[in-house]
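Structure first, commentary second.
Order of listing sets the numbers, starting from 1, for every ligand and every atom in it.
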Amino acid sequence: MSGRQKKILIRIVLAAVLTVAAALLPVKGWLRLAVYLVPYVVVGWDVLWRAGRNILRGQIFDEQFLMAIATIGAFFTAEYAEAVMVMLFYQTGELFQSIAVGRSRKSIAALMEIRPDSATVLRDGEERVVAPEEVAPGEIILVRPGEKVPLDGRILEGQTTVNTAALTGESLPRDCGAGDPVISGSVNLTGVIRVKTEKSFGESTVSKILELVENSAAKKARAERFITRFARYYTPCVVIGALFLAVLPPIFDGNWREWIHRALIFLVVSCPCALVISVPLSFFGGIGGASRHGILIKGASYLESFAKVKTVVFDKTGTLTRGVFTVSAVYPEGMEDGALLELAAFAESYSGHPVAASILRAYGKEPDRSRVASTREIAGMGVIATVDGKEIAAGNRKMMEKAGVAVPENTDPGTTVHIAVDSRYAGRIVIEDEIKIDAAESIRRLKAMGVTQTVMLTGDREEAGRSVGEKVGIDQIYAQLLPDQKVAALEKLLEQKPAGSNLAFVGDGINDAPVLTRADVGVAMGALGSDAAIEAADVVLMDDQLSKIVDAIRIARKTMRIVRQNIVFALAVKGVVLALSAFGLTGMWIAVFADVGVMVLAILNAMRALRL
Ligand code: ADP
Ligand code: MG
C-alpha cells in the first residue's frame, strides 16, 4: 500500500469509529447533525473539495459530483447516518480500486525491471560506471554475473549463460561465448563477459520494448471507448431523471421529503464507476498477463481484434521453419566446392537474410569484406555484389532470370541458392531448413480453437513451400511471392475472410513488414533484435515458438469474455437497483453498498485477466 492509500485507510477507520460513537450519543437536533458532520468531513472532505473544484471547471457530471450532491442532500433530509455511510463505502471502493490498479501496474512494471540502471564501460583501460545512455555503439562494456546486459552487442571475451526470461518468458538459460550476440535486458548469470556494443541505448532492445509497453495503454479498444462515451451521456441523463423524480411526483402527493430522498438514492446508484474502472483494468490485465508469456500486445484494441481471428497467415522462413539453414549440397560448375561457397559468402556478407546467415555459417570464416566493393539486396530474390571486380549474383531462380542467366533443371529438396559470376552460371548451393518442433501441433490447436483458414505465403519455390506446408497441416500455400506480391495475396485473403472475423499475419519481419502492417493483426515473432519487425507489428512474440500464437489468442478471448461479463453484470445490477430506488424499495446506503459491491466484484473479475 502506498502512503496515500494508507492515509485514506486511516481516515476510513477513524470515520467508522466516529460514526458508531455518533450513533450511540444520546443527542438531538443540531447537536446530532454536528456529531455526524465530524466523521462525514473526516472521510469525505477530499471528495467534496474535488467536486467543488470540478464544478468551477465546468465538469459537473462526474462521480465526485454525484456523491457530493447525494450526501449533502441526505443531510438536508436529516438522513445523517446514511450520508456518512455513503461516503464511507464510496471511499472504501476508491481505495480498493487504487490498490487494484496499482497491482496491475506493478505486474507490467515487472517487465520494467529489465531496464538496466548502469553500464560498466572500459575507457582508456579503466572501468567506469556510467548511465547506459552514455555508452556509444562500438564501446566495450563489462558485464559481471548477476548484472543485466545494458546494451545490445556481441561478446568479445568470456563464456557465460544468460537468462532472457524477463524478455521472452522462456526460463531456460542459454550458453554463449565470444562472437555470440547478447541482448540488452537479459541477465548475465555465470561468467564475466566483455561486450562490444552494437547499438546505442535508445536503439537497444530494452528501450524498444519499454517504449512499446508504455505506449500500449494509449491504444484504446472499442469496448473501452464505448464505456467512456456511455458515461458521458449516461450521467447527465440520470441527473435529469433524478430531478424529475424529485419534483414531479410530489406535485401530486406533496411528500417532498420522501421523493427527494428517492431521487438522491437514484443519483448514488447511477454512478457508472464499476464500468469505467473495470473495463480498462481488464484490458490492462490481459496485456500484463500476456507479457508474462513473452507476448507483447501493443494496445487494448489489438487484444480485441485478436480475439476474433479466424484466418491465420504464416510466413515460411523463420516463422514455420527455424530459419537456420544448413548447407546440404554444393554443385559447382567448373570450380571447387570451397571456391563457390566462398564467393557466395562474400556476396552475402552484408545481407541480414537467414539464407545469408546460413551460407556465412557454412563458410565458417569471417569474410574479407575489403574484397567486396558493393552489394545490393533484391527483396525476395537474393543479392548482387561486386567481389574482386566481378559481379556475383546469388539468389533464387527469379534472381537468375532477372540477371539473364539460364539455370539448369534440378530436383533439389529444400531451398536452392544459384550463383552466377559475371552473368555466367557458376553453380548452386542447396540449403535445408528445419520445421519448428511445435509447428504442426500449434496449427492443430489453432484449428481446434476455431481458426478456419491457415495459409502460408512464401518467397521460396513451390516445392519447398509445399513440402513444409503439408508437413505442418497448412490449408493453402502460395509460393514464389515477392514482397509486394505477398501484400497482394494478403489483400485477397482479407476479402475472403469470414464476415466479422479478423486475419492475423505471423512473420519474422524479414521481407514481410508491409504484410505485417496490412493484416488486421500483425504478429512478429522471434523479434528480439529486429527493430523493423517490432515497429511494424501489433503483437510481438519475444521468442520464436509458434505455440505463443495459440496462447495469445486464448488470452485475448478470455480477456474479452471478462470485459463482457463485467459490462453485463454491472448494467444488470444497476438497472435493478435503479428501479428499486425509484419505487422507494431501497435505502441509500444499501444502494451504495450494491454499487461498491458491483465495483469490487468487477475489479476482482478484471484482475483475473492478469493471471491468464
Ligand atoms: P520467405 O517468404 O520464405 O520468408 P523471403 O521472401 O524472405 O522468403 O525470400 C524468398 C526467397 O528469396 C528465398 O527463399 C530465397 O530463395 C531468396 N532470397 C532472398 N534473400 C536472399 C539472399 N540474401 N540470398 C539468397 N537468396 C535469397
Ligand atoms: Mg521471411
Side-chain angles (χ1 to χ4, degrees), residues 313-325 327 330 340-341 343-363 367 372 375-385 387 392-403 405 407 410 412-420 426-436 439 455-469 472 474 477-490 505-516 523-526 530 532-533 536 544:
V313 183
F314 297 90
D315 174 55
K316 179 179 75 82
T317 314
T319 305
L320 290 170
T321 65
R322 290 179 54 218
V324 187
F325 296 87
V327 172
V330 182
L340 186 69
L341 197 56
L343 268 185
F346 279 34
E348 298 276 11
S349 61
Y350 287 98
S351 166
H353 201 274
V355 166
S358 319
I359 288 179
L360 284 166
R361 203 167 334 99
Y363 175 59
V372 184
T375 66
R376 189 154 59 92
E377 177 127 20
I378 299 159
M381 294 193 191
V383 291
I384 297 180
V387 180
I392 314 290
N396 53 17
R397 194 172 278 269
K398 274 197 185 138
M399 176 87 244
M400 294 296 117
E401 277 164 18
K402 190 177 150 77
V405 178
V407 178
N410 66 69
D412 305 326
T415 305
T416 312
V417 182
H418 302 281
I419 293 129
R428 61 186 203 273
I429 298 175
V430 182
I431 54 181
E432 262 173 302
D433 201 352
E434 246 174 81
I435 296 174
K436 286 186 186 164
V455 186
M456 176 206 286
L457 301 182
T458 179
D460 209 343
R461 290 184 311 149
E462 186 80 32
E463 297 84 353
R466 200 153 291 286
S467 119
V468 172
V472 301
I474 295 259
I477 296 156
Y478 298 92
Q480 291 183 6
L481 303 171
L482 296 176
D484 56 329
Q485 293 171 324
K486 285 187 186 173
V487 177
L490 191 90
F505 176 80
V506 189
D508 58 358
I510 297 170
N511 288 348
D512 54 20
V515 198
L516 275 177
V523 184
M525 66 169 7
S530 161
D544 55 6

Please say whether T416 places an N or O atom under 3.5 Å from an N or O atom belonging to ligand 1.
no
Hey, does the side chain of R428 reach the backbone of N396 with a donor-acceptor pair shorter than 3.5 angstrom?
no
N/O to N/O below 3.5 Å, does that happen between K486 and ligand 1?
yes
Got a donor-acceptor contact below 3.5 angstrom from the D433 side chain to the G323 backbone?
yes
For ligand 1, indicate whether the residue T458 contacts it via side chain, backbone, both or neither (heavy-atom separation under 4.0 Å).
both
Could you tell me which atoms of ligand 1, counted from 1 in the order shown, lie closer than 4.0 angstrom to a heavy atom of D315?
1 (P), 2 (O), 4 (O)
Among E348, E377, H353, M399, closest by any non-hydrogen atom to atom 25 (C) of ligand 1
E348
Note: ligand 1 atoms sitting under 4.0 Å from heavy atoms of V355 are 24 (N), 25 (C), 26 (N)
Is R376 atom CZ crowded by more than 12 heavy atoms from other residues, nucleotides or ligands, each under 6.0 Å away?
no
Nearest 0.5 angstrom please: R322 CZ to K436 NZ, how far?
9.5 Å
Side chain to side chain contact (heavy atoms under 4.5 Å, CB included) between I429 and I419: does it pass, once the steps are laid out?
CA-CA 8 Å; I429 298 175; I419 293 129; 3.7 Å; yes
So, taking the atom named CZ in R397 and the one named CZ in R461, what distance separates them when rounded to the nearest 0.5 Å?
8.0 Å
List the steps and the verdict of side chain to side chain contact (heavy atoms under 4.5 Å, CB included) for I392 and F346.
CA-CA 9 Å; I392 314 290; F346 279 34; over 6 Å; no
Could an N or O of ligand 1 be found under 3.5 Å from any N or O of I378, whether backbone or side chain?
no
So is there a nitrogen or oxygen of N396 less than 3.5 Å from a nitrogen or oxygen in ligand 1?
yes
Contacting atoms of ligand 1, where contact means under 4.0 angstrom from a heavy atom of G395:
25 (C), 26 (N)
Under a 4.0 Å heavy-atom limit, does T317 contact ligand 1 with its side chain, its backbone, both, or neither?
both
For D460, the ligand 1 atoms whose distance to one of its heavy atoms is below 4.0 Å:
10 (C), 14 (O)
So for ligand 1, is V417 a polar contact partner (N or O within less than 3.5 Å, distance only)?
no
Any side-chain to backbone donor/acceptor pair from K486 onto D512? Under 3.5 Å, distance only.
no
